[in-house]
Amino acid sequence: MVTSSTLSIPSDVSVPRHVAVIMDGNGRWATKRFLPRTAGHARGVQAVRRVLEACGQRGVEYLTLFAFSSENWRRPEEEVSLLMRLFIQTLEKEVDKLERQGVRLRVVGDLSAFEPKLQGLIHAAERRTEANSTLNLTIAANYGGRWDILQAMQALLRARPELAARPEAIDEALYAQYLSMAWAPEPDLFIRTGGEQRISNFLIWQLAYTELYFTDGYWPDFDAKELDAAFEWYRGRERRFGRTSAQVSTDA
Ligand code: FPP
């Protein structure tokens, strides 16, 4: 029998416990206004603040944001360096507030590619907020789903070298312990702004049973109202997790 790593079927579906977001459309938001693309990223940070607050008020426990993909290094050098500066400034400015608001911040991805100052700030912010538990904010930076799957396999074999000779002993639950977000439940709701309908190498293992919501609006315009529209859509979904419709009704 194949055991799914989706071990826990959520009982309350009125508010998604874990929301994962691809914040797309910053560049187009700016271009439409004859502004440099980087102005769109700066406005994107304001949308992050709004959505974080709205998620806190609505009882979301995990908010995971795709801030920089492994593929984003291919962008013009100027844009990459502005994004790095924005991460640094945001961390320096916001960490006090996150700490006070009970937000636990974590950053997942291959952080070794970032400049030492940014790595230091990330680790300091993670340490400062590690006792918090109201809302878990995770920023995926230099993250790729395939990278995650590969690093998990490497980490598993490093920790349990004897399993290389017994690969059949590796099941989904064991393997998933080595993914970079092993401590979080799988996302209930995925949101992508900006009109594209792709997962773009985000949490590809963890999104297997997630409800996928796409909206044409650009990320800098995303706010509590847009979030509520996504939640409303989510409430209308029937999450079967492999069961039949009749089973879902009986279990509810
Ligand atoms: C995608 O829009 C967005 C990004 C690659 C960067 C996202 C970053 C932020 C919202 C700001 C920083 C966030 C934190 C947490 C400090 P795009 O540039 O691909 O837009 P386009 O598709 O219109 O070109």
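Only a predicted model underlies this, so the values are computations on that prediction, with no experimental measurement involved. For ligands, and for the atoms within them, numbers begin at 1 and follow the listed sequence.
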Report summary line: Heavy-atom nearest pair, Ala141 first then Val107, reads CB-CG1, 4.0 Å
So [X] and [Y], would you call those rings parallel, tilted or perpendicular, with 30° and 60° as cut-offs?
X      : Y      : answer
Tyr143 : Trp147 : perpendicular
Phe202 : Phe66  : parallel
Trp73  : Phe114 : tilted

Query raised in the report: Could Arg49 and Glu94 be called an ion pair, given the rule that one side-chain N must be under 4.0 Å from one carboxylate O?
Result: yes
Query raised in the report: Honestly, is Arg106 close enough over Trp183, meaning NZ or CZ under 6.0 Å from the six-membered ring centre and within 45° of the axis?
Result: yes
In a simple table, one pair per line, please give the protein and ligand 1 atom names for every N or O pair closer than 3.5 Å, along with the distance.
{"residue": "ligand 1", "atom": "2 (O)", "partner": "Asp24", "partner atom": "OD1", "Å": "3.4"}
{"residue": "ligand 1", "atom": "2 (O)", "partner": "Gly25", "partner atom": "N", "Å": "3.4"}
{"residue": "ligand 1", "atom": "2 (O)", "partner": "Asn26", "partner atom": "N", "Å": "3.4"}
{"residue": "ligand 1", "atom": "18 (O)", "partner": "Arg37", "partner atom": "NH2", "Å": "3.0"}
{"residue": "ligand 1", "atom": "18 (O)", "partner": "Arg75", "partner atom": "NH1", "Å": "2.8"}
{"residue": "ligand 1", "atom": "19 (O)", "partner": "Asp24", "partner atom": "OD1", "Å": "3.2"}
{"residue": "ligand 1", "atom": "19 (O)", "partner": "Arg75", "partner atom": "NH2", "Å": "2.7"}
{"residue": "ligand 1", "atom": "20 (O)", "partner": "Gly25", "partner atom": "N", "Å": "3.3"}
{"residue": "ligand 1", "atom": "20 (O)", "partner": "Asn26", "partner atom": "N", "Å": "3.1"}
{"residue": "ligand 1", "atom": "20 (O)", "partner": "Gly27", "partner atom": "N", "Å": "3.0"}
{"residue": "ligand 1", "atom": "22 (O)", "partner": "Asp24", "partner atom": "OD1", "Å": "3.0"}
{"residue": "ligand 1", "atom": "22 (O)", "partner": "Arg28", "partner atom": "NE", "Å": "3.3"}
{"residue": "ligand 1", "atom": "22 (O)", "partner": "Arg28", "partner atom": "NH2", "Å": "3.1"}
{"residue": "ligand 1", "atom": "23 (O)", "partner": "Gly27", "partner atom": "N", "Å": "3.3"}
{"residue": "ligand 1", "atom": "23 (O)", "partner": "Arg28", "partner atom": "N", "Å": "2.7"}
{"residue": "ligand 1", "atom": "23 (O)", "partner": "Arg28", "partner atom": "NE", "Å": "2.8"}
{"residue": "ligand 1", "atom": "24 (O)", "partner": "Arg37", "partner atom": "NH1", "Å": "2.9"}
{"residue": "ligand 1", "atom": "24 (O)", "partner": "Arg37", "partner atom": "NH2", "Å": "3.1"}

